[in-house]
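One structure is given below, encoded as structure tokens.
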Amino acid sequence: MQFEQIKGFAFDLDGVIADTARFHGQAWHQVADKVGTPWTRGLADGLKGVSRMDSLEMILKAGGHENDYSQDEKVKLATEKNDNYLKLVATLTPSDILPGMKAFLDELKAAGYSLVLASASKNAPKVLKYLQLADYFEGIVDPASLSHSKPDPEIYVRAAELLQLPADQVAGVEDAQAGIQAINGAGELSVGIGANLHDADVRFDSTADVSLTNIKKQLG
Ligand code: B16
Ligand code: MG
């Protein structure tokens with residue numbers, strides 16, 4: 001894929017713009033304790049990019065509790081988790097933007113790229129507000145309107161629609177394997193941040209390394 005044809009960027013939020021995973025993790029850990037599922041690193045990592053209700057199902061399944069709760073009880077557990085999560089994210093400030101990302105967003109805006117957010121989080125508008133980044137994005141994909149979680153490409157297909165660009169003019173930025181799969185499945189250029197993202201078209205170890213120059217360098 002030619003970088004020259006890229007006109008818009010779709011960003012994941014958690015793990016790319018801010019580390020909200022630690023707050024999701026803290027809040028889900030409480031739910032896991034409540035339902036009696038052992039909290040492990042593998043379980044926590046597997047929840048990245050997964051929707052709220054699908055995350056709850058994964059936690060219940062990991063402890064063999066998938067048939068122990070009614071739909072109403074599940075909604076109650078997910079609501080409790082979200083209330084706790086919202087208290088935690090309300091402490092975010094611009095100093096919590098991950099290293100280098102403010103500079104990268106500024107660089108993209110200055111170069112005339114359009115930006116949208118492709119986060120599975122229904123709380124993304126609030127998080128962007130706390131980080132004082134809301135004005136950078138022309139649109140936010142509404143996760144409530146999606147039928148499938150990442151790795152399904154749906155969220156990145158919708159991001160391209162919001163950008164009003166064909167897929168091959170869009171780059172997606174993700175920190176999770178499921179997100180990279182979603183970008184690739186949508187036919188967009190995938191920029192991965194973190195280890196083990198072998199399917200990413202371009203990959204960086206840290207958010208601090210992401211820049212237009214470094215992306216172009218990797219694409220040769
Ligand atoms: P909410 P991302 C995802 O955000 C998180 O990685 C995932 O852990 C969370 O369950 C999901 O959002 C839904 O979040 O409960 O706030 O709607 O990585 O897609 O930006
Ligand atoms: Mg993420």
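Numbering of ligands and ligand atoms starts at 1, following listing order.
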For [atom], which protein heavy atom lies nearest, and how many Å away is it?
atom: atom 15 (O) of ligand 1; answer: Arg52 NE, 2.7 Å
atom: atom 6 (O) of ligand 1; answer: Gly49 N, 2.7 Å
atom: atom 11 (C) of ligand 1; answer: Val50 O, 3.2 Å
atom: atom 17 (O) of ligand 1; answer: Lys122 N, 2.7 Å
atom: atom 2 (P) of ligand 1; answer: Asp12 OD1, 3.0 Å
atom: atom 8 (O) of ligand 1; answer: Leu47 O, 3.0 Å

If you look only at pairs with a residue in residues 61-71, which of them pass as a salt bridge (charged side-chain N to carboxylate O under 4.0 Å, His left out), with sequence neighbours excluded?
-> none
Any pair counted as salt bridge (charged side-chain N to carboxylate O under 4.0 Å, His left out), so long as it reaches residues 114-130, sequence neighbours left out | none
So if I count the atoms of ligand 1 from 1 in the order they appear, which ones are less than 4.0 Å from some heavy atom of [X]?
X: Ser55; answer: 10 (O)
X: Leu13; answer: 20 (O)
X: Ser119; answer: 2 (P), 4 (O), 19 (O), 20 (O)
X: Lys150; answer: 19 (O)
X: Asn123; answer: 1 (P), 16 (O)

Within the structure provided, determine whether [X] and [Y] are in side-chain contact (heavy-atom separation under 4.5 Å).
X: Met101; Y: Phe11; value: yes
X: Ile17; Y: Phe137; value: yes
X: Leu128; Y: Tyr136; value: no
X: Phe9; Y: Val116; value: no

Are Lys81 and Tyr85 in a cation-pi contact, defined as NZ or CZ under 6.0 Å from the six-membered ring centre and within 45° of the axis?
-> yes
Candidate pair Leu92 and Phe23, rule side chain to side chain contact (heavy atoms under 4.5 Å, CB included), full reasoning = CA-CA 10 Å; Leu92 288 171; Phe23 297 141; 3.7 Å; yes
Please list, one pair per line, the donor and acceptor atoms closer than 3.5 Å that link side chains of residues 177-197 to other protein atoms, with sequence neighbours excluded.
residue	atom	partner	partner atom	Å
Gln177	NE2	Asp199	OD2	2.9
Asn184	OD1	Ser190	OG	2.7
Asn184	ND2	Asp199	O	3.0
Ser190	OG	Asp201	N	2.9
Ser190	OG	Asp201	OD2	3.1

Test log, rule side chain to side chain contact (heavy atoms under 4.5 Å, CB included), inputs Trp39 and Thr37 | CA-CA 6 Å; Trp39 185 248; Thr37 293; over 6 Å; no
Ligand 1 and Lys48, any nitrogen or oxygen pair closer than 3.5 angstrom?
-> no
Backbone or side chain, does any N or O of Ala120 fall under 3.5 Å from an N or O of ligand 1?
-> yes
Sub-3.5 Å donor-acceptor pair from the side chain of His24 to the main-chain atoms of Lys48, do we have one?
-> no
For the student: nearest non-hydrogen atoms of Thr91 and Leu88, plus distance = OG1-O, 2.6 Å
Taking the Mg ion (ligand 2) as the center, what protein N, O or S atoms are found at less than 2.8 Å?
-> Asp12 OD2, Asp14 O, Asp175 OD1
